[in-house]
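For reference, the structure discussed in these notes is given below.
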There are 2 protein chains.
Amino acid sequence: MTSETHSTSAQDATPIGFQEHDHQACVETALATAEVRCNEAGLRLTPVRRKVLEMLVQEHRALGAYAILDRLRDEGFGSQPPVAYRALDFLVQHGFAHKIERLNAFVACAHPGAMHSPAFMICRNCDAVAEAQSAPVKGMLGAAARAAGFEIERMVVEAEGLCPDCTEKA
Amino acid sequence: MTSETHSTSAQDATPIGFQEHDHQACVETALATAEVRCNEAGLRLTPVRRKVLEMLVQEHRALGAYAILDRLRDEGFGSQPPVAYRALDFLVQHGFAHKIERLNAFVACAHPGAMHSPAFMICRNCDAVAEAQSAPVKGMLGAAARAAGFEIERMVVEAEGLCPDCTEKA
DNA sequence: GGCATACATGATATAAAATAACATGACAAG
DNA sequence: CTTGTCATGTTATTTTATATCATGTATGCC
């Protein structure tokens, strides 16, 4: 179950998704980007927060708060729920991570910094999560909202199904 | 089934959640429809299930499982969590209700019987919920999914914001 | 430097949401 | 009337999330 290492440093090329890619670079880039963005915005990417982000980026899957907490403990950080939740709140609030409502779990943001309304594809078999863009105000829902006078502030779009790998194996 | 009913005017997309309507009739229709559909499908709309559905239809808002449980107790039904969760599971499974992931709560289905992929507008202030249609496989996410080889089985689409009433009051 | 302030973390406790597991009851089919 | 199936009742526990208060740490001001 633990696909901790996507050892294949293959050419990525595919937009966003379940394909193999240079994971090491992926992790490093994400962390570096976060550092820069925090500096720019006057935010503090403290050790706990950085570690949590690293964990999320490392896995390309949704991790529950308590899974994160376990690993924090292993790394010598505080081991009580608020430690994990606070770090996650920070990351979510500033766009470095997203909460997957369907799973009560969290993933690293795939497009940090980009103003975006994320949509997710969640594999029900292996819990892999891919992030795509959604077009919130366009389409039927936007039309319905305008018709009803509802002001959309935030969108949750989550598709559940089978990722390519799991489809193959089935 | 996917797009057969989409040649509709904007009027059809209007949600029933945020507007005045004959609520008494609304409740009765919903329950009657459920009865019929259960009979047709050989399902048993037992007292608990019926009561839970009634409660959900009565309020046009999301109710948590424990709110429902409290009321069940008041009505003389069992008062332990599984009682509520089982009834809710039944209703959700057979399309009489939906779970709002964002709230960990449940609403009656506004279009029971119709094969549909629901989208919700949730008022962050008063918790009112309106149901609209979403077009799951169309749009950006569908395209991204096809490109990635992801097979969508189920969609969660939830818009959070302010309903007309609460917008006015603010 | 000493001090005030704001923010971050640590730690205890508890709330809220959901499920596991097993026992009992209702009811139709054979 | 017995058997099988489905629904309900009940106990216990797990999982997810917050409230609260105490402590620590960086920063700016005097």
Side-chain angles (χ1 to χ4, degrees), chain A residues 34-35 38-39 41-53 55-56 61-94 96-107 122 124 127 156 158, chain B residues 34-35 38-39 41-53 55-56 61-94 96-107 122 124 127 156 158:
Chain A
E35 300 265 20
C38 282
N39 279 338
L43 302 170
R44 296 165 59 185
L45 190 63
T46 62
V48 206
R49 293 168 176 177
R50 195 178 196 285
K51 195 73 207 173
V52 171
L53 178 56
M55 286 169 13
L56 289 178
R61 337 176 346 214
L63 284 178
Y66 284 76
I68 285 167
L69 189 55
D70 284 347
R71 299 177 189 210
L72 283 180
R73 179 178 14 250
D74 294 348
E75 303 268 350
F77 292 93
S79 59
Q80 299 307 311
V83 175
Y85 280 104
R86 283 195 284 234
L88 288 166
D89 282 352
F90 172 88
L91 295 173
V92 168
Q93 186 146 1
H94 296 100
F96 301 116
H98 301 289
K99 180 170 188 185
I100 305 294
E101 299 289 345
R102 171 75 182 134
L103 301 176
N104 295 322
F106 301 81
V107 277
I122 308 162
R124 68 164 155 77
D127 269 11
V156 173
E158 298 172 1
Chain B
E35 299 265 20
C38 282
N39 278 338
L43 302 169
R44 296 166 60 185
L45 191 62
T46 62
V48 207
R49 291 169 178 176
R50 194 178 197 286
K51 195 74 205 172
V52 172
L53 178 55
M55 286 169 14
L56 290 178
R61 343 179 338 222
L63 284 178
Y66 284 75
I68 285 167
L69 190 55
D70 285 346
R71 301 177 188 210
L72 283 180
R73 178 176 17 248
D74 293 348
E75 303 266 351
F77 292 93
S79 60
Q80 298 307 311
V83 174
Y85 281 104
R86 283 194 285 234
L88 288 166
D89 282 352
F90 172 88
L91 295 173
V92 168
Q93 185 146 1
H94 296 100
F96 300 116
H98 302 290
K99 179 171 188 184
I100 306 294
E101 300 290 346
R102 171 76 181 131
L103 301 177
N104 294 323
F106 300 82
V107 279
I122 308 163
R124 68 164 155 78
D127 269 13
V156 173
E158 297 171 1

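First the proteins, then the strands, lettered A, B, ... as listed; each starts at 1.
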Under the 5.5 Å and 30° test, is Tyr66(A) stacked on the base of dT15(D)?
no
Those residues that, when tested against Phe90(B), pass ring pair (Phe, Tyr, Trp, His ring centres under 6.0 Å) (two or more places apart)
His94(B)
[X]: side-chain contact (heavy atoms from CB on, under 4.5 Å) partners, not counting sequence neighbours:
| X | value |
| --- | --- |
| Gln80(B) | Pro82(B) |
| Ala62(A) | Ile100(A), Leu103(A), Ala105(A), Val107(A), Val129(A) |
| Arg50(A) | Leu31(A), Glu35(A), Leu45(A), Glu54(A) |
| Tyr85(A) | Ala65(A), Tyr66(A), Pro81(A) |

I'd like the 5' and 3' limits of the part of DNA chain C contacted by chain A, with heavy-atom contacts below 4.0 Å.
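Here the contact window of chain A covers dC7(C) to dT12(C).
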Quick one: is dT16(D) close enough that its OP1 or OP2 comes under 4.0 Å of any side-chain N or O from Lys99(A)?
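For Lys99(A), the contact criterion (side-chain N or O under 4.0 Å from OP1 or OP2 of dT16(D)) is not met.
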Just to confirm, is there a sub-4.0 Å distance from OP1 or OP2 of dT16(D) to any side-chain nitrogen or oxygen of Asn104(B)?
no
Whole angstrom value for the distance that separates [atom2] of [N] from [atom1] of [X]:
| X | N | atom1 | atom2 | value |
| --- | --- | --- | --- | --- |
| Arg44(A) | dT25(D) | CZ | C1' | 7 Å |
| Leu45(B) | dA7(D) | CG | C1' | 13 Å |
| Arg102(B) | dA17(D) | CZ | P | 11 Å |

So the salt bridge (Lys or Arg N to Asp or Glu O under 4.0 Å) pairs with at least one residue in residues 73-93 of chain A (sequence neighbours excluded) are Lys51(A)-Glu75(A), Asp70(A)-Arg73(A)
Below 4.0 angstrom, which residues in residues 83-93 of chain B have at least one non-hydrogen atom near DNA chain D?
Val83(B), Arg86(B)
Sub-4.5 Å side-chain heavy-atom contact between Arg102(B) and Ile122(B):
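Sidechains of Ile122(B) and Arg102(B): in contact.
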